Amino acid sequence: MTTPGRWPAPFPCPRTALMSRYAPAEIESRWQAVWAEHETFKAVHSANKPKYYVLEMFPYPSGRIHMGHVRNYTMGDVIARYKLSTGHAVLHPMGWDAFGMPAENAAMQSGGHPKDWTYQNIADMRAQMKPLGLSIDWSREFATCDPEYYGQQQALFLDMLEKGLVYRKNAVVNWDPVDMTVLANEQVIDGKGWRSGADVERRELTQWFFKISAQSEDLLEQLDSLDDWPAKVKLMQSNWIGKSRGLQFAFDRTDGGQIEVYTTRPDTLMGASFVGISPDHPLAKELEAADPKVAAFCIDARKGGTTEEAIETGEKLGYDTGLRVKHPFDPAWELPVYIANFILMDYGTGAIFGCPAHDQRDFEFATKYGLPIIPVFTPEGEAEQPLKAAFVPPKTEPVHYVRGFAGADVQTGEAAVNAAVDHCESRGIGQGVTKFRLRDWGLSRQRYWGCPIPVIHCDTCGVVPEKKENLPVELPYDVTFDVPGNPLDRHPTWRNCTCPKCGADARRETDTMDTFVDSSWYYARFTAPHAKTPTDMAEAAYWMNVDQYIGGIEHAILHLLYSRFFARAMHQTGHLSSTAVEPFDALFTQGMVTHEIYMTRDANGRPVYHLPEDVTDGKLADGMAVEIIPSAKMSKSKKNVVDPMNIVATYGADTARWFVLSDSPPERDVEWTASGADATAKHLARVHRICTEITDLPDGTAKGDDDLLRAMHKAIRDVTMGVESFGFNAAIAKLYAFTNTLAKSEAGGTAKKLAARTLAQLMSPMTPHLSEELWSLLGGSGLVATARWPQADEAMLVETTVTLPIQINGKRRSEIAVPTDMPASEVEKLVLADEAVIRALDGAAPKKLIVVPGRIVNIVV
RNA sequence: GCCGGUGUGGCGGAAUGGUAGACGCAGGGGAUUCAAAAUCCCCCGAUGGCAACGUCGUGUGGGUUCGAGUCCCUCCACCGGCACCA
């Protein structure tokens with residue numbers, strides 16, 4: 001038998017032989033042109049269709065796309081293409097998160113301009129993304145650094161200012177005393193400035209804030225309504241918002257005056273051994289001004305970065321102010337007052353009482369300064385004994401109170417806190433207060449490449465909003481980055497202006513906005529990217545909410561929380577409806593793409609990294625062996641990067657897309673391996689070959705038809721389920737299996753053609769170009785991209801027999817095939833008659849026989 | 001330090017509390033070929049056994065259950081976040 005299309009063949013048909021070769025480069029550009037010509041992926045507001053909005057977190061325009069992008073956007077593309085084929089009006093846009101520090105860093109290093117650098121990067125990245133064949137409506141593209149976008153962001157800011165959602169207050173920043181500039185957290189390395197190397201200080205600055213804390217309760221409560229968000233993300237947000245009930249009360253100072261403290265553990269009041277105040281506490285500042293020794297300590301205490309991590313892990317320092325307070329239960333019991341570097345002014349009242357027995361941080365502090373450690377409770381059933389470390393059980397665990405003052409002797413921390421609050425309130429000592437950990441969102445950045453904050457400082461009128469007709473307040477182009485600091489600050493003509501209210505000389509605000517602001521509402525802007533207001537309410541009403549949002553787990557807290565806040569603020573200012581305050585109906589967090597790192601060492605023993613393409617079988621071209629470091633997130637500095645463009649050029653976009661979806665579950669990291677990519681390309685070539693061979697078969701029936709069609713309907717069911725539940729790797733495994741079934745099938749030409757067409761269609765969300773090609777070769781009508789998704793026929797999925805494994809004491813010993821509907825009593829008889837069972841039982845009588853219908857049988861002896 | 005997650009063959013991984021290792025890669029054997037490439041078929045956790053078959057096995061140690069990769073507790077390792085990286 002000759003197989004048409006194989007080479008060599010006795011009577012080769014040149015046309016078929018040529019077409020049987022899988023040529024992704026030719027296929028992919030051809031079909032991309034067809035989609036563009038037909039505007040297949042243009043999002044069209046269609047009142048008669050259900051809409052579907054799928055959004056991947058937009059990229060920062062670094063200049064090169066990486067495999068993580070390919071994976072992220074391919075996942076969204078699978079969903080978008082699937083929804084298109086199920087009759088939805090699909091919105092699948094793309095944009096650029098274009099403001100931020102790297103552009104300024106590049107300008108400092110190579111002398112260019114952040115704007116030029118950014119727009120060039122955008123052009124480069126767009127050119128790299130287009131060959132991937134993503135079903136994106138490119139007509140909606142924008143960058144957050146487009147004045148058209150950030151002008152509307154300024155309008156939004158002014159509306160929020162008017163509604164009281166924005167205000168100014170002091171807050172600490174990382175200050176580089178040598179460069180005289182504010183540093184980002186990532187620019188502080190081991191407490192030192194990244195360029196100057198100077199010890200970083202925490203310094204207070206007047207800054208702009210969004211009142212996100214006013215929404216704490218709502219942001220927390222509404223998490224419950226987000227059914228299609230990962231539980232872990234909701235838990236992280238819930239912990240971040242951090243609702244807690246505690247006691248706020250005042251200690252009386254022995255010298256008069258009071259210190260107001262807040263505690264979440266009032267039940268440990270009898271274990272108090274000191275009072276601590278933040279170095280930024282008003283009392284600390286008062287003492288600092290009067291006493292040089294206190295001032296010297298405060299300078300020390302303010303050293304280091306502002307991150308919670310730096311404060312929590314840094315050395316705990318305290319200074320005994322000499323002041324004493326009286327314990328609220330016993331005026332004769334005096335506690336020392338310390339200034340301590342680990343107490344934040346931003347949380348609670350900036351003052352605490354320390355209970356070393358039940359807080360590890362306080363324990364270390366007390367040990368260091370020789371303060372008493374007084375246990376309040378012990379593990380249930382254990383006697384009191386000297387502690388080697390703080391005893392901090394979960395609040396839900398019952399413990400034995402040896403120095404309790406309210407509630408039962410044995411109770412949970414939770415119960416004890418409530419009892420303690422009630423007790424203190426009844427004695428007139430403070431009151432129960434519910435507080436949140438969530439702080440207001442500081443949006444001021446002392447940097448150039450961001451959205452200017454549209455306000456003006458006037459000596460007579462104070463802070464005056466810019467008039468809306470003057471928006472956008474555009475960034476000036478003529479700036480330099482040869483000196484550290486914000487070029488806007490030293491730009492005379494831009495900075496100097498007149499007050500919109502009184503017309504006097506005034507100064508423009510030179511702080512720009514945190515880039516998180518840009519990404520907190522872009523999803524809404526995509527619904528009408530060129531509207532003359534932040535949103536077009538009719539378009540927003542149709543397209544919002546985002547039905548499926550996809551992005552990295554690293555955004556689980558800040559970006560998503562800020563976006564939820566912004567959607568609420570946009571509702572309050574009339575830019576989104578009340579139904580859009582939770583903007584993302586479903587969220588999926590995908591893993592990273594990783595790769596091994598290849599390293600050698602130079603003469604000085606310093607590591608030298610090598611690109612994967614320079615390494616073959618663990619050796620460099622010159623034969624030198626490389627050290628292989630296990631897979632890590634792809635990063636330029638470690639050179640463990642695979643350029644997607646090389647992959648697309650070598651194998652085609654469909655191979656890149658299929659590979660990043662196969663093997664690893666999407667929420668987990670995927671490791672890029674050269675052999676994996678190679679194998680994927682081979683598989684796609686095989687599918688192409690199998691299908692083109694089928695094209696040439698005559699129509700007709702054969703005995704294998706039923707088996708093949710049953711397998712086809714199972715594949716439809718399984719792949720559909722996989723796509724709908726983000727089980728892309730599972731869907732692909734089923735497609736491999738179905739391809740094998742089709743290749744071995746003895747069905748007739750008619751059934752095979754149907755099966756092959758269905759295979760092409762089921763693959764189309766992942767390998768859209770190859771699928772279009774096969775669909776058209778196999779006689780599919782129109783484009784596979786817009787063809788109706790196949791439906792599994794329930795009747796073809798019914799099984800009549802099932803194989804039951806038989807376990808004895810939980811170990812598998814045998815199996816039997818029984819009709820699916822056989823009653824359990826009948827199954828029992830068959831099981832006990834089974835030869836292997838009789839042998840395994842060896843005359844012993846079964847104690848118990850468990851039959852789980854359709855699943856398993858277990859005999860207990 | 002605090003919060004969240006992950007851990008299964010040589011490798012990526014599959015498995016509503018019900019046959020651990022689907023599917024793929026790598027590896028081994030064979031077919032086809034003058035030869036090769038390509039393709040096709042078979043084997044492939046460890047260990048004992050000629051075999052039938054047995055024993056062990058899902059990071060560690062315990063627990064719940066007729067039955068645990070899956071649920072609970074302990075510890076270890078790694079990853080993400082910690083409010084100015086995006």
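Each chain gets a letter, A, B and so on, in the order its sequence line appears, and its residues count up from 1. What you see is a predicted model; the values in this text were computed from it and never measured. Note that these values count all heavy atoms, side chains included, but never hydrogens, waters or copies made by symmetry.
In this structure, Lys169(A) satisfies the cation-pi test against Phe209(A), with its NZ or CZ atom closer than 6.0 Å to the six-membered ring centre and inside 45 degrees of the ring normal.
Scanning atom types as modelled, no donor and acceptor separated by under 3.5 angstrom connect the side chain of Glu309(A) and the base of C2(B). For Gln207(A) against C84(B), a side-chain-to-base donor-acceptor contact under 3.5 Å is present. For C84(B), the base has no donor-acceptor partner in the side chain of Asn185(A) [N/O atoms by modelled type, under 3.5 angstrom].
Within 4.0 Å of Trp240(A), counting heavy atoms only, lies at least one base atom of the nucleic acid.
Between Tyr522(A) and Phe58(A), the two ring planes are parallel [angle under 30°; tilted spans 30° to 60°]. Ring pair Phe565(A)/Phe210(A) is tilted by interplanar angle, where 30° to 60° counts as tilted. Taking the six-membered ring where tryptophan is involved, the planes of Phe516(A) and His559(A) are essentially parallel, since the angle between them stays under 30° and well short of 60°.
The side chain of Ala733(A) approaches A22(B) more closely than any other nucleotide in the set U19(B), A22(B), A83(B). Each of U19(B), A83(B), C40(B) was ranked by its minimum atom distance to the side chain of Tyr562(A); first place goes to A83(B).
For G4(B) and C11(B), the P atoms lie 31 Å apart once the distance is rounded to whole Å. C73(B) and A52(B) have their P atoms separated by 44 Å, with the value rounded to a whole Å.
In this entry the base of G24(B) is anti relative to its sugar, with a glycosidic angle more than 90° from 0.
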